[in-house]
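Ligands are counted one by one from 1 in listed order, and the atoms in each one are counted from 1 as well.
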Amino acid sequence: MEQDQVSSNSNLPVNLKSRLQSSYDATAPIYNKWTAQHSHLRLRYVDRLLQFLPEASQLPPQTDEDASTVESQSNDSPFFRSLSGKLVALELGCGSGHPVTAKLLSTNLFAKITANDLSPVQIQLGQKASDLGSDKRVGWVVGDMMALSFPDDSLDVVVGLYSLIHLPREEQLVMMQKIGKWLRPGGLVLVNFSREDEESQVMEQWLGQEEGWMFWSGFGAEKMLGFLIEKVQELEVLVGEVTREEGGADAEFLWVIGRKK
Ligand SMILES: C[S@@+](CC[C@H](N)C(=O)[O-])C[C@H]1O[C@@H](n2cnc3c(N)ncnc32)[C@H](O)[C@@H]1O
């Protein structure tokens, strides 16, 4: 089947990652203000993700250090209470940590959240935020998500929203394969991808910003779902659907929730 071929390409912009970093460094406050209007959809998918969490009995024992970081319990259900403060998460391309890192923290389910972003400015904004900056459960990591490394079977939840779309599409698949290894059996991933099949989409002034050079890439919804099923064998796709953005953003993305088998 032609659509099952992952071809490598040479049509990518040069210095892609450093240009993306500079753009997000320059436009972070504008992007963050703009995206705050579209938070609902992200938060709804995070809620859906949490509903698929594994039973507490499948999780490793909690360490004393982890336990000391959990101060209160916001969710009253016995199921969520049993998971409180036990989970380890990774967020890829977290931006300034709003709304998703903050949402994950507010559940009190997590002992540790590694929050990664390519842009040091975005990370600094997160570190300065009153609801995130001093929270010891968050470990901020600046850099390309492709350079991250975690032991196999070590993460309970991985989230990457509107961030893997900035990787060249072949890297998106490699990233998903890495996530498949890093997750514990039963662990969950929530990511979204471009709906369009386009190897390289470039905009010179995204959000009307002079310094807003931007790049996106994707296999398209149908092909990407097929690749995930065929080439990321560790993961079972629980949700794979195209959803229209809310709040006036004229776009659709493929949303995926996967579970490590
Ligand atoms: C559209 S923003 C999304 C931010 C946040 N996830 C959200 O939902 O608002 C994309 C973010 O991904 C980051 N990013 C882009 N390429 C990345 C890469 N290779 N590794 C890590 N982060 C990356 C950007 O710096 C930016 O903060």
Distance-only side-chain donor-acceptor flag, Ser119 / Asp25, under 3.5 Å | yes
Is Arg195 paired with Glu252 through a side-chain N to carboxylate O contact shorter than 4.0 Å?
-> yes
Following the transitive rule for hydrophobic clusters with a side-chain heavy-atom cut-off under 4.5 Å over Ile, Leu, Val, Met, Phe, Trp and Tyr, establish whether Leu20 and Val121 coincide in one cluster.
-> no
Could you list each N/O atom of ligand 1 together with any protein N/O atom closer than 3.5 Å, one pair per line with the distance?
from: ligand 1; atom 1: 6 (N); to: Gly93; atom 2: O; distance (Å): 2.7
from: ligand 1; atom 1: 6 (N); to: Leu161; atom 2: O; distance (Å): 2.9
from: ligand 1; atom 1: 8 (O); to: Arg42; atom 2: NH1; distance (Å): 2.9
from: ligand 1; atom 1: 9 (O); to: Tyr31; atom 2: OH; distance (Å): 2.8
from: ligand 1; atom 1: 9 (O); to: Arg42; atom 2: NH1; distance (Å): 2.7
from: ligand 1; atom 1: 19 (N); to: Asp144; atom 2: OD1; distance (Å): 2.9
from: ligand 1; atom 1: 20 (N); to: Met145; atom 2: N; distance (Å): 2.8
from: ligand 1; atom 1: 22 (N); to: Leu118; atom 2: N; distance (Å): 3.1
from: ligand 1; atom 1: 25 (O); to: Asp117; atom 2: OD1; distance (Å): 2.6
from: ligand 1; atom 1: 27 (O); to: Asp117; atom 2: OD1; distance (Å): 3.2
from: ligand 1; atom 1: 27 (O); to: Asp117; atom 2: OD2; distance (Å): 2.7

Does a salt bridge link Arg48 with Glu241, judged by any charged N lying under 4.0 Å from a carboxylate O?
-> yes
Can you tell me if Trp182 uses its side chain to pair, donor with acceptor, with the backbone of Phe150 under 3.5 Å?
-> yes
Run the ring pair (Phe, Tyr, Trp, His ring centres under 6.0 Å) check on Tyr162 and Trp255 step by step: do they pass?
-> CA-CA 10 Å; Tyr162 308 100; Trp255 291 77; 5.8 Å; yes
